[in-house]
Asks: 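Take a look at this one; I'll ask things after.
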Number of protein chains: 2
Amino acid sequence: MSRRDEILDVAVAVLEEEGPDALTMRELATRMGIRAPSLYKHVRDKDDILAGVQERALIALAQHLAAAGPGLAGLADAYRSWARAHPRLYEVATRRPLARERIAPGVEAAAAAPIVAAAGGDAHLARALWALAHGLVDLELSDRFPPGADLDATWRTALRGFEPPPSPTRS
Amino acid sequence: MSRRDEILDVAVAVLEEEGPDALTMRELATRMGIRAPSLYKHVRDKDDILAGVQERALIALAQHLAAAGPGLAGLADAYRSWARAHPRLYEVATRRPLARERIAPGVEAAAAAPIVAAAGGDAHLARALWALAHGLVDLELSDRFPPGADLDATWRTALRGFEPPPSPTRS
DNA sequence: TGACAAGGCTAACGACGTAAGCCATTCTGG
DNA sequence: CCAGAATGGCTTACGTCGTTAGCCTTGTCA
């Protein structure tokens with residue numbers, strides 16, 4: 001494993017354990033047993049690290065979505081549960097502009113694939129679904145909903161508009 | 001106008017003109033013709049300023065939404081157009097945890113009111129609509145959609161799931 | 001063996017938020 | 001009308017941040 005990858009490992013760990021404010025060059029260096037300026041032998045700057053973390057977050061999210069339960073509800077569940085399990089990673093994955101130049105091609109597509117599939121290939125619908133899920137998660141993670149709100153119910157309501165029309169099953 | 005309000009005016013101006021990185025205590029002070037430490041006579045800390053800016057942003061957004069055109073489409077248009085006209089303000093309005101203690105009561109409700117109305121009073125539906133709009137705007141503002149994507153069409157698709165069922169008009 | 005790359009190090013810079021404490025002006029109550 | 005307090009500036013300074021410059025050791029290979 002390259003030294004750069006080690007740094008990214010540590011960065012992810014710091015982020016998840018202590019939050020974004022603790023993610024300083026000096027803290028990273030300390031955890032690696034070196035001094036802050038030495039990091040620059042392996043990494044362009046702090047933004048480079050963030051881009052690497054973003055890439056890893058997208059990959060992890062993509063994997064989680066790929067293993068989602070069936071249906072739109074399963075996908076939505078997977079999306080929300082991953083974001084709640086890794087709120088800081090979700091933040092760097094979505095809040096910063098996508099570093100398209102620094103991120104391996106295909107990562108973006110891989111993360112999008114399960115959603116596009118759920119949308120039956122309709123790109124606009126896929127984006128709408130993504131935005132809906134992202135909006136719900138983003139607002140939840142930054143505590144914008146009134147405390148005590150029943151967000152499970154909100155999700156169900158939100159997805160109702162996008163469910164395929166109920167196939168008339170015999171009753 | 002209180003000195004604090006002047007500071008907030010300047011903060012909004014800096015934010016809109018030069019972006020969040022330029023929003024430093026020293027820059028604010030310079031624009032007001034004083035020194036940075038003097039700001040602390042009127043403001044608790046930088047976070048206090050951000051909370052004030054957040055409050056103003058929410059009020060402005062609420063006013064814009066209240067003046068929206070008719071229907072869900074009108075409301076959606078108003079939401080998106082305000083966010084695109086004031087992307088940095090939209091950011092502080094939504095990305096930071098809501099400083100409920102520091103913000104005048106009612107502001108939150110006022111911003112929510114037009115959406116709740118459009119949802120016919122259904123709180124879950126209102127949150128879903130808000131999340132959808134926020135998600136679309138947030139992803140657009142941070143350049144997460146593929147360049148060149150037709151976002152107008154995406155919005156139309158997104159809202160389709162929430163439109164009231166078409167009343168059967170004579171044709 | 002000697003050049004060179006890799007990867008550490010120290011020292012330091014400038015920007016940031018902010019605390020401490022001083023001083024002039026202005027307001028206010030006896 | 002004046003004493004004292006409140007107001008709102010100021011300078012100085014601290015600690016933290018990202019980052020640069022330049023040095024030195026170690027391992028590799030011609």
Asks: Write down the distance between OH (A/Y40) and P (D/dT19), rounded to a whole number of angstrom.
Replies: 4 Å
Asks: How close or far is atom P of C/dG17 from atom CD1 of B/I49, stated in whole angstroms?
Replies: 9 Å
Asks: Provide, to the nearest angstrom, the distance between the CG atom belonging to B/D47 and the C1' atom belonging to C/dC16.
Replies: 15 Å
Asks: Please determine if A/R88 and A/E91 form a salt bridge, counting it only when a charged side-chain N lies under 4.0 Å from a carboxylate O.
Replies: no
Asks: Give a yes or no on whether a salt bridge exists between A/R102 and A/E55, defined as a side-chain N under 4.0 angstrom from a carboxylate O.
Replies: no
Asks: A/D122: which residues meet the salt bridge (charged side-chain N to carboxylate O under 4.0 Å, His left out) condition with it, sequence neighbours left out?
Replies: none
Asks: Quick check against the 3.5 Å criterion: does A/R80 have a side-chain atom that pairs as donor or acceptor with the backbone of A/A133?
Replies: no
Asks: Rounded off to whole Å, could you give me the CG-to-C1' distance for the A/D45 and D/dG18 pair?
Replies: 9 Å
Asks: A/I34 has a side chain; which of C/dT18, D/dG9, C/dC9 sits nearest to it?
Replies: C/dC9
Asks: Any carboxylate oxygen within less than 4.0 angstrom of a Lys/Arg side-chain nitrogen, looking at B/R144 and A/E108?
Replies: no
Asks: With DNA chain C as reference, determine whether A/A36 or B/R44 sits nearer its 5' end, using the nearest nucleotide of each.
Replies: A/A36
Asks: How does protein contact run along nucleotides 21-28 of chain D, one letter per nucleotide 5' to 3', with B for base contact, S for sugar-phosphate only, - for none, heavy atoms under 4.0 Å?
Replies: B-------
Asks: Between C/dC9 and A/S38, is there an OP1 or OP2 to side-chain N/O distance shorter than 4.0 Å?
Replies: yes
Asks: Could you identify which residues of residues 10-28 of chain B place a heavy atom less than 4.0 Å from some atom of DNA chain C, listed by residue number, or say none?
Replies: B/L23, B/T24, B/M25, B/R26
Asks: With a 3.5 Å cut-off and sequence neighbours excluded, list the donor-acceptor pairs that the side chains of residues 58-79 of chain B form with protein atoms.
Replies:
residue	atom	partner	partner atom	Å
B/H64	NE2	B/S81	OG	3.2
B/Y79	OH	B/Y90	OH	2.7
B/Y79	OH	B/W130	NE1	3.2

Asks: I need the single residue from A/R56, A/R31, A/R4 that forms a salt bridge (Lys or Arg N to Asp or Glu O under 4.0 Å) with A/D9. Which is it?
Replies: A/R56
Asks: Provide, to the nearest angstrom, the distance between the CG atom belonging to B/L39 and the P atom belonging to C/dG17.
Replies: 10 Å
Asks: Give the residues of residues 1-8 of chain A touching DNA chain D, defined as any heavy atom closer than 4.0 Å, sorted by residue number.
Replies: none
Asks: Could you list the residues that satisfy salt bridge (charged side-chain N to carboxylate O under 4.0 Å, His left out) with B/R156, not counting sequence neighbours?
Replies: none
Asks: With a 4.0 Å cutoff (strictly under), does any side-chain N or O of A/H42 reach OP1 or OP2 of C/dA6?
Replies: no
Asks: Measure from CE on B/M32 to C1' on D/dG8 and round the result to the nearest Å.
Replies: 11 Å
